[in-house]
Protein chains: 2
Amino acid sequence: MTDDENLDSTEAEARAVESRAEAFIGVREARRSEVAEDYVELIAELIHENGEARPVDIATRMGVTAPTVAKTLGRLARDGLITRAKYRSVFLTEEGRALAKECRHRHEIVLRFLLSLGLDPETAERDAEGIEHHVSERTLALFAAFSQRS
Amino acid sequence: MTDDENLDSTEAEARAVESRAEAFIGVREARRSEVAEDYVELIAELIHENGEARPVDIATRMGVTAPTVAKTLGRLARDGLITRAKYRSVFLTEEGRALAKECRHRHEIVLRFLLSLGLDPETAERDAEGIEHHVSERTLALFAAFSQRS
DNA sequence: GCAAAAAGTTAGCTTCGGCTAATAATCATC
DNA sequence: GATGATTATTAGCCGAAGCTAACTTTTTGC
């Protein structure tokens with residue numbers, strides 16, 4: 001092996017390792033916003049159904065306890081996604097509404113895609129919930145196209 | 001609306017809410033094992049490549065710092081997935097090897113599926129990394145079948 | 001309009017998974 | 001085989017997201 005070849009293969013490997021690391025870093029980033037996205041999406045649904053989003057309903061729908069909801073709502077308010085008054089229901093800010101809309105859009109595309117693959121609705125809903133946060137724009141476009149033509 | 005209809009729709013709604021909550025609970029459960037799975041899968045690769053898995057290599061490949069790796073390895077050892085000796089490389093237990101094999105299998109199916117959908121390799125690898133932890137057995141089977149016939 | 005039930009909050013605990021700074025051990029090179 | 005570089009560990013910090021227990025506020029039903 002010449003020095004040049006050696007250098008090339010080393011560099012190629014380094015690039016591969018770095019790109020892999022970036023993939024993991026990307027996944028970790030996505031993970032950080034998952035909970036916020038799930039909450040905002042659910043809050044939007046509740047507001048649509050009931051005109052308001054009560055913590056107790058968020059808790060039962062998310063399968064967590066009321067204090068957990070309270071703490072998470074605190075973070076959402078801090079991040080400018082919801083408005084909050086003590087002992088009252090929560091509502092979405094403009095930013096929150098935008099995020100909710102985007103999430104709902106992704107969710108629907110992923111769900112429709114899984115259904116059009118032939119998955120049962122129950123499992124499709126479950127898997128969509130987990131997958132939707134980890135699908136790039138490109139993949140989402142392919143999913144949408146697939147559902148369309150099938 | 002009769003009382004019966006009222007009751008039925010209430011019960012149906014309750015079931016839907018509960019099933020939704022279960023989906024979220026499932027996603028949270030999956031989330032808890034994600035990191036362990038990523039590490040074990042990577043450790044298996046490193047052992048395959050180099051005969052051992054050094055913390056420093058795990059760190060660069062995962063895109064985290066050495067102390068983060070050390071702490072996570074502590075958890076993996078506690079959970080019986082790896083063996084560890086101070087200042088030495090880590091190795092997989094029988095259980096760890098089994099998990100790694102399973103993860104690699106899932107990863108490959110998801111990756112091949114995304115590629116056969118027409119996604120570019122870079123994005124496919126990135127998305128597979130995030131998606132693989134949230135795909136049920138059923139969906140995995142559908143993914144595999146799709147790649148096969150295309 | 002009051003009492004009980006329901007809902008919301010606060011305090012305080014846990015685990016996980018990141019980080020930096022400091023220390024310790026191993027490895028490589030002369 | 002000493003020494004400098006690399007690697008590994010430890011200590012200690014942080015924030016997120018879960019929980020229970022205790023308390024306050026609001027809602028409801030008589």
Side-chain angles (χ1 to χ4, degrees), chain A residues 14 17 21-43 46 50-79 81-91 129-130 133, chain B residues 14 17 21-43 46 50-79 81-91 129-130 133:
Chain A
V17 165
E22 267 159 31
F24 280 121
I25 290 168
V27 172
R28 283 200 298 276
E29 243 164 63
R31 234 170 258 167
R32 265 189 285 120
S33 34
E34 273 182 53
V35 172
E37 288 175 10
D38 286 340
Y39 271 70
V40 163
E41 203 179 338
L42 175 55
I43 289 167
L46 287 169
N50 312 328
E52 60 177 349
R54 299 190 311 159
V56 68
D57 293 326
I58 299 173
T60 48
R61 295 265 233 284
M62 291 285 301
V64 297
T65 61
T68 296
V69 169
K71 206 181 281 189
T72 305
L73 293 180
R75 279 189 290 268
L76 297 184
R78 180 202 61 192
D79 297 345
L81 296 169
I82 63 168
T83 58
R84 216 153 105 91
K86 247 192 175 185
Y87 295 100
R88 290 274 111 91
S89 291
V90 300
F91 298 92
E129 207 65 74
H133 306 287
Chain B
V17 165
E22 268 159 29
F24 280 121
I25 290 168
V27 171
R28 283 199 299 276
E29 243 164 60
R31 233 170 258 167
R32 267 190 285 120
S33 34
E34 272 183 52
V35 172
E37 288 175 10
D38 286 340
Y39 270 70
V40 163
E41 201 178 341
L42 176 55
I43 289 166
L46 287 169
N50 312 328
E52 60 178 349
R54 298 190 311 160
V56 67
D57 293 326
I58 299 173
T60 48
R61 295 266 234 284
M62 292 286 301
V64 297
T65 61
T68 296
V69 169
K71 206 182 280 189
T72 305
L73 293 180
R75 281 190 289 268
L76 297 184
R78 180 201 62 192
D79 296 345
L81 296 171
I82 63 168
T83 58
R84 224 173 157 222
K86 248 192 175 184
Y87 294 101
R88 289 276 113 90
S89 290
V90 301
F91 298 92
E129 208 66 73
H133 306 287

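The sequence lines fix the lettering, A, B, ..., with proteins before strands; numbering per chain opens at 1.
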Report summary line: Taking every heavy atom of A:Phe24 against every heavy atom of B:Arg61, the minimum-distance pair comes out as CD1-O, 3.4 Å
Requested in this report: List the atom of A:Leu42, the atom of A:Ile58, and the distance in Å for their closest heavy-atom pair.
Outcome: CD2-O, 3.9 Å
Query raised in the report: Heavy-atom distance under 4.5 Å between the side chains of A:Val35 and B:Arg31, does that happen here?
Result: yes
Report task. Answer yes or no: is there a donor N or O on one side and an acceptor on the other, between the side chain of B:Thr68 and the main chain of B:Val64, under 3.5 Å? Result -> no
Query raised in the report: chain A on DNA chain C: first and last contacting nucleotide, 5' to 3', under 4.0 Å to a heavy atom?
Result: C:dA7 to C:dG18
Query raised in the report: Are A:Thr83 and A:Val90 close enough that some pair of their side-chain heavy atoms sits under 4.5 Å apart?
Result: no
Report summary line: Tightest non-hydrogen contact, residues B:Tyr39 and B:Met62, listed as CE1-CE, 3.5 Å
Query raised in the report: Taking C-beta and beyond as the side chain, do A:Leu46 and A:Arg54 meet within less than 4.5 Å on heavy atoms?
Result: no
Query raised in the report: Can you name the closest pair of heavy atoms from A:Leu81 and A:Ala36 and give their distance?
Result: CD1-CB, 4.5 Å
Restricting both atoms to N or O, compile the protein contacts to nucleotides 15-19 of chain D shorter than 3.5 Å, with distance only.
unit_1 : atom_1 : unit_2  : atom_2 : d
D:dA16 : OP1    : A:Arg78 : NH1    : 3.2
D:dA16 : OP1    : A:Arg78 : NH2    : 3.0
D:dA16 : OP2    : A:Arg78 : NH1    : 3.4
D:dA17 : OP2    : A:Arg75 : NE     : 2.8
D:dA17 : OP2    : A:Arg75 : NH2    : 3.3
D:dG18 : OP1    : B:Arg28 : NE     : 3.3
D:dG18 : O6     : A:Lys71 : NZ     : 2.4
D:dC19 : OP2    : A:Thr65 : N      : 3.0
D:dC19 : OP2    : A:Thr65 : OG1    : 2.8
D:dC19 : OP2    : A:Thr68 : OG1    : 2.7

Query - Residue pair A:Ala53 / A:Ile43: nearest heavy atoms and the distance that separates them - result: CB-CG2, 3.7 Å
Please list each protein N or O that sits under 3.5 Å from an N or O in nucleotides 24-26 of chain D, with the distance.
unit_1 : atom_1 : unit_2  : atom_2 : d
D:dT26 : O3'    : A:Arg88 : NH2    : 3.1

Requested in this report: Taking all heavy atoms of B:His133 and all of B:Glu37, pick out the closest pair and write down the distance.
Outcome: ND1-OE1, 2.8 Å
